[in-house]
Asks: 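Dropping the structure in here first, questions after.
Chain identifiers are assigned alphabetically (A, B, ...) following the order of the sequence lines, protein sequences preceding nucleic acid strands; residue numbering begins at 1 within each chain.
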Amino acid sequence: MADHMEGEGTLLEQQPKDASSSESKTDVTVTEEKKRWGDVEFDDDKKDDKVSDAVDISSLKISEEGVVDRAEAVLKSDGVMDAVDSDDSNIRAVTAGDTPYTSAKTFEELNLSPELLRGLYSEMGFEKPSKIQAISLPMILTPPYQNLIAQAHNGSGKTTCFVLGMLSRVDPKIAAPQALCVCPTRELAMQNQEVLVKMGKHTGITSVCAVPTDAGNYVSTSRRGPVNDQVVIGTPGTLKKWMSTKVLSTRHIKILVFDEADHMLAQDGFQDDSLRIIRDIQKNRDDCQILLFSATYDENVKQFTTRVISKANQVFVKKEDLSLDVIKQYLVKCPDELAKVEVLKDRIFPLAEKLGQSIIFVRTRENASMLHSKLEAEGYKCTSIQGGLKLEDRDRVIKEFRTGLTKILISTDVLARGFDQAQVTLVVNFDLPVKHASPDPDYEVYLHRIGRSGRFGRKGAAFNFICNDRDERIMSKIERYFERQVPEVPWDSEDAFEAVLKDAGLA
DNA sequence: AAAAAAC
């Protein structure tokens with residue numbers, strides 16, 4: 001096993017066992033060295049554009065044996081690790097400093113407190129670290145507490161990484177916020193806090209969720225005393241508000257986490273808010289450890305984050321390896337926009353009933369509520385969620401879905417990222433994800449959406465509805481980008497849908 | 001012509 005991550009340009013030897021484990025993805029062209037992972041462009045015209053990056057991991061190559069070849073000058077002072085094990089595909093780590101890290105086979109190796117270990121085993125039911133946890137936890141927990149930019153597959157346990165990081169770096173005896181986690185949506189912030197509460201049950205560490213509250217539960221910032229919980233998890237607006245009104249002191253913050261970090265640092269995401277939070281904290285202490293976690297980092301964001309987050313250890317996954325093959329993807333050509341509803345009713349719903357839970361993604365708030373009322377009017381039981389709903393309605397819809405009361409949830413991209421519900425087996429892209437004001441697909445959102453199924457190794461299926469040339473172009477771009485062929489299911493064949501279910505291992 | 005977010 002490639003267990004060591006050593007400094008000073010030491011490269012790790014892959015044992016034969018590791019090399020052979022790439023069999024789980026034989027359809028992936030790992031051996032095509034000409035394709036540099038992480039490139040946004042499919043072709044390699046741009047190959048020479050960014051060769052001079054300080055920590056350009058992409059200049060590493062994987063040879064046929066799965067061995068990491070020595071990169072030219074780039075990694076002279078960096079440690080490299082290429083981890084491949086039964087988990088699945090390659091995760092690639094590059095360290096920024098001289099600190100050697102050893103990947104953690106067990107949670108015991110991490111010097112966690114007994115209380116925290118107890119939380120991991122008895123509350124969370126974990127046995128051993130997943131791959132991303134094995135690699136990133138030593139990086140997070142070993143002094144001098146370097147920054148980290150981490151990428152790992154959807155549903156692979158990223159939340160555990162940063163929650164564990166926060167819990168073990170925080171001192172429960174100090175009644176002041178020491179860890180801060182910034183999330184893109186209210187739902188995700190609340191979900192993350194629930195994980196933290198559960199995992200930290202025996203630690204005595206307390207936390208608070210900094211998210212908007214509905215009028216009924218509203219506490220004005222002027223009346224709210226300063227936060228004295230050790231961990232704060234929230235969304236940018238509320239966090240900024242709390243910080244500016246001194247409700248949240250940043251003086252003791254020593255670990256700052258961005259969940260869905262690519263979105264939090266993207267220009268058309270929360271870049272401004274995030275940078276302000278970073279600067280605000282660094283004003284007080286420049287040794288605050290910053291952790292970035294996401295399943296996706298497009299090339300722009302990757303460039304930006306590596307520039308903005310200094311001296312960061314990096315853990316990345318090739319984009320071709322990112323598409324989870326446990327989630328079977330299909331496309332359904334619908335004759336027209338109206339037929340999409342029929343396909344949903346006649347083909348998807350009968351399956352969905354037997355299969356657990358489903359999420360139907362649409363592009364706009366309006367589409368969400370229109371589709372919802374249309375289906376409801378015809379007697380189908382489903383709910384919908386989007387950012388325009390009242391907070392209490394959002395909470396109720398989520399709760400009903402969490403408890404399994406509702407099986408089918410229509411959603412905008414408010415739930416595209418991070419939402420973790422093990423019972424979700426089916427995702428439908430009723431509208432394909434497209435970038436704003438552009439004919440291009442949003443590859444990242446696509447991956448995040450379908451990743452709502454197949455959580456932690458479970459099986460899942462995703463149906464993409466296509467009803468015009470534009471959709472076809474978008475879909476084929478997605479196929480090329482992730483190097484996956486997405487087979488068609490004929491919309492008018494009930495048998496075909498049944499067969500597909502079997503194929504996906506869900507029948 | 002977007003979603004999200006205490007705008």
Asks: Without hydrogens or angle criteria, can the side chains of A/T364 and A/Q386 be said to hold a donor-acceptor pair below 3.5 Å?
Replies: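 A/T364 vs A/Q386: no donor-acceptor pair found between side chains.
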
Asks: Donor-acceptor pair, distance only, cut-off 3.5 Å: does the side chain of A/R480 make one with the backbone of A/K477?
Replies: no

Asks: Looking at A/K407 and A/E353, is there a salt bridge between them, counting it only when a charged N and a carboxylate O are closer than 4.0 Å?
Replies: no

Asks: Quick check, are the ring centers of A/Y297 and A/F316 under 6.0 angstrom apart?
Replies: yes

Asks: In whole Å, measure the gap between the P atoms of B/dA1 and B/dA5 for me.
Replies: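 The same atom, P, in both gives a distance of 22 Å.
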
Asks: Report, as a single string ordered 5' to 3', how protein heavy atoms within less than 4.0 Å touch nucleotides 2-7 of chain B: B base, S sugar-phosphate only, - not at all.
Replies: BBSBBB

Asks: Centre-to-centre under 6.0 Å for A/F463 and A/F497, is that the case here?
Replies: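 Ring centres of A/F497 and A/F463 closer than 6.0 Å.
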
